[in-house]
Amino acid sequence: MIRSVLRATGSYLPDRIITNAEMERLVDTSDEWIVQRTGIRERHVAAENQSTSDLAIQAAKRALESSGLSPEDLDGVIVATTTPDRTFPAVAVMVQAALGMRVGLAFDVQAVCSGFVYALTLADNFIQLGQAKRVLVIGAEKMSSIINWEDRTTCVLFGDGAGAVILEAAEGKGTLADRGVLSTHLYANGQLSELLYTDGGVSTTGHSGHVIMLGKEVFKNAVTYMADIVQEVLDKNQISASQIDWLVPHQANLRIITGTAEKLGMGLDKVVLTVDTHGNTSAASIPLALDTAVRDGRIQPGQLLLLEALGGGLTWAAALVRF
Ligand code: ACO
């Protein structure tokens with residue numbers, strides 16, 4: 001059978017770093033509160049003239065560079081983002097143009113923090129159906145542009161950045177020993193859309209609005225849904241948690257991540273953590289974490305990775321991948 005193998009990863013973080021100490025000067029908060037409740041110590045924030053596509057393009061170039069491929073080897077680009085440069089066209093076509101690709105599919109996916117796993121799933125399906133051989137999948141966000149910088153309940157949580165992977169078709173045996181995407185799991189519950197949303201939009205207010213979150217309620221749902229979905233991944237693939245080499249979670253809150261790891265019986269030494277220095281970069285957080293651990297040598301070829309995320313919608317998603 002055809003498998004979608006992760007041929008390469010890349011990522012990009014804007015230069016500007018905002019520490020918790022700086023946050024203390026912006027809103028009524030403290031380093032102690034932010035670290036205790038979330039695990040976040042600092043976050044990167046894009047420059048005013050830097051858009052989501054700028055971040056995405058940098059991450060894409062780095063992934064291409066490590067793949068040894070050229071842009072014409074790619075059949076498509078899918079960008080997961082909540083913060084596109086413009087209402088249309090998609091960020092994906094800007095990436096396509098900037099890389100010098102001439103043909104192939106290009107579109108954006110909107111599933112907030114679960115967006116990268118949704119996009120990865122779509123790319124995997126295109127590849128398995130034989131509709132594409134190589135797809136660039138990116139998660140890119142300029143969350144700083146939809147944050148109310150006077151709202152301490154949200155502004156301390158988010159950061160900007162982009163991460164990319166190149167998925168490539170490869171022959172597999174249809175077993176768990178195959179490299180590539182082994183299973184994907186996507187969910188949404190629109191009944192919970194009022195827990196996390198922006199108070200604006202193109203067809204309502206005519207502007208993007210700012211993030212509003214009922215943090216405690218989202219937290220409770222995240223703990224439950226994450227525990228359920230990781231169990232589903234184990235059951236579907238008939239594996240035990242001890243077979244997973246790395247948990248690569250969405251980096252929203254260290255307490256949610258720790259809860260999921262505990263549920264799996266995994267120590268934090270098997271969890272890729274970037275929440276302390278990246279904050280919550282929404283759709284970018286998983287590919288950013290992935291690239292960080294690939295580049296520092298923790299994630300090795302052949303290892304089994306469990307990716308999981310929850311975000312606005314609510315949406316939640318997971319993927320089992322052999323790197
Ligand atoms: N600094 C200091 N105090 C604060 C801050 C802050 N930055 N923010 C809130 N507080 C106060 C609140 O006002 C409240 O005070 P009160 O008790 O006097 O009313 C107190 O701290 C506790 O607030 P809670 O919201 O109950 O704090 P909680 O422990 O739930 O932590 C947090 C808040 C970090 C937001 C947590 O609920 C969380 O992480 N939720 C889930 C986030 C998530 O996973 N989101 C999904 C992805 S994001 C996306 O899709 C875009």
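FYI, the numbering just counts along the sequence from 1. One-based numbering, in listed order, for ligands and for the atoms of each.
- The environment of R41 atom CZ is sparse: at most 12 non-hydrogen atoms of other residues, nucleotides or ligands sit within 6.0 angstrom.
- Defined by atom type and a distance below 3.5 Å, a donor-acceptor pair is present between the side-chain atoms of E141 and T83.
- Interface atoms of ligand 1 facing I256, defined by a heavy-atom separation under 4.0 Å, are 41 (C), 44 (O).
- Considering only non-hydrogen protein atoms, atom 22 (C) of ligand 1 sits nearest to R37 NH1, 3.5 Å.
- At a heavy-atom distance under 4.0 Å, no atom of A222 approaches ligand 1.
- Taking the charged nitrogens against the carboxylate oxygens, E65 and R62 have no contact shorter than 4.0 Å, which rules out a salt bridge.
- Heavy-atom contacts from other residues, nucleotides or ligands closer than 6.0 Å to CD of Q243 number more than 12.
- Remark: ligand 1 atoms within the under-4.0 Å shell around heavy atoms of C113 are 47 (C), 48 (S), 49 (C), 50 (O), 51 (C).
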Worksheet item: Do L305 and V272 pass the side chain to side chain contact (heavy atoms under 4.5 Å, CB included) test, and can you show the C-alpha distance, the side-chain angles, and the key distance before you say yes or no?
Response: CA-CA 10 Å; L305 317 179; V272 181; over 6 Å; no
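- Protein heavy atom closest to atom 40 (N) of ligand 1, with residue, atom name and distance, is G215 O, 3.1 Å.
- Here T38 has side-chain heavy atoms under 4.0 Å from ligand 1, and that is the only part of it that gets that close.
- Each of the following atoms of ligand 1 lies closer than 4.0 Å to a heavy atom of V112: 49 (C), 50 (O), 51 (C).
- Taking the six-membered ring where tryptophan is involved, the planes of F107 and F126 are perpendicular, since the angle between them exceeds 60° and thus also 30°.
- Taking every heavy atom of N253 and a limit of under 4.0 angstrom, the matching atoms of ligand 1 come to 34 (C), 36 (C), 38 (C), 39 (O).
- Listed by atom number, the atoms of ligand 1 under 4.0 Å from V156 heavy atoms are 7 (N).
- If you look at L196 next to ligand 1, the close heavy atoms, those under 4.0 Å, all belong to the side chain.
- With hydrogens left out, the protein atom closest to atom 10 (N) of ligand 1 is W33 CZ2, 3.4 Å, a heavy atom.
- Comparing heavy-atom distances from atom 43 (C) of ligand 1 across T153, V218, D31 singles out V218 as nearest.
- Inclusion of L157 in the set of residues having an N or O under 3.5 Å from an N or O of ligand 1 is not warranted.
- Heavy atoms of M213 approach ligand 1 to within less than 4.0 angstrom.
- Checking each of V211, T154, V112 against L196 for a side chain to side chain contact (heavy atoms under 4.5 Å, CB included) leaves exactly one that passes, namely V211.
- Proximity of N280 to ligand 1, defined as any heavy-atom pair under 4.0 Å, is confined to the side chain (atoms from C-beta onward).
- Taking atom 25 (O) of ligand 1 as the reference point, the nearest protein heavy-atom neighbour is K216 N, 4.5 Å.
- Residue-level proximity to ligand 1 for V211 is absent, since no heavy atom of it falls below 4.0 angstrom.
- In R86, the CZ atom is not crowded: 12 or fewer heavy atoms of neighbouring residues, nucleotides or ligands sit closer than 6.0 Å.
- Without hydrogens or angle criteria, N20 side chain to E32 main chain gives no donor-acceptor distance under 3.5 Å.
- Summary of contacts: the protein heavy atom closest to atom 1 (N) of ligand 1 is T29 OG1, 2.6 Å.
- A pairwise comparison of heavy atoms in C113 and N280 identifies SG-OD1, 3.9 Å as the closest pair.
- Remark: ligand 1 atoms within the under-4.0 Å shell around heavy atoms of L310 are 46 (C), 47 (C).
- Atom 14 (C) of ligand 1 has R152 NH2, 4.9 Å as its closest protein atom, hydrogens excluded (heavy atom only).
- Of the N and O atoms on the side chains of D73 and S70, at least one donor lies less than 3.5 Å from an acceptor on the other residue.
- The presence of a protein heavy atom under 4.0 Å from atom 18 (O) of ligand 1 is ruled out.
- When atom types are taken as modelled, the side chain of D245 and the backbone of L304 share a donor-acceptor pair closer than 3.5 angstrom.
- Using cut-offs of 30° and 60° on the angle between ring planes, the pair W316 and Y187 is parallel.
- Closest to atom 31 (O) of ligand 1 among all protein heavy atoms lies R255 NH2, 3.6 Å.
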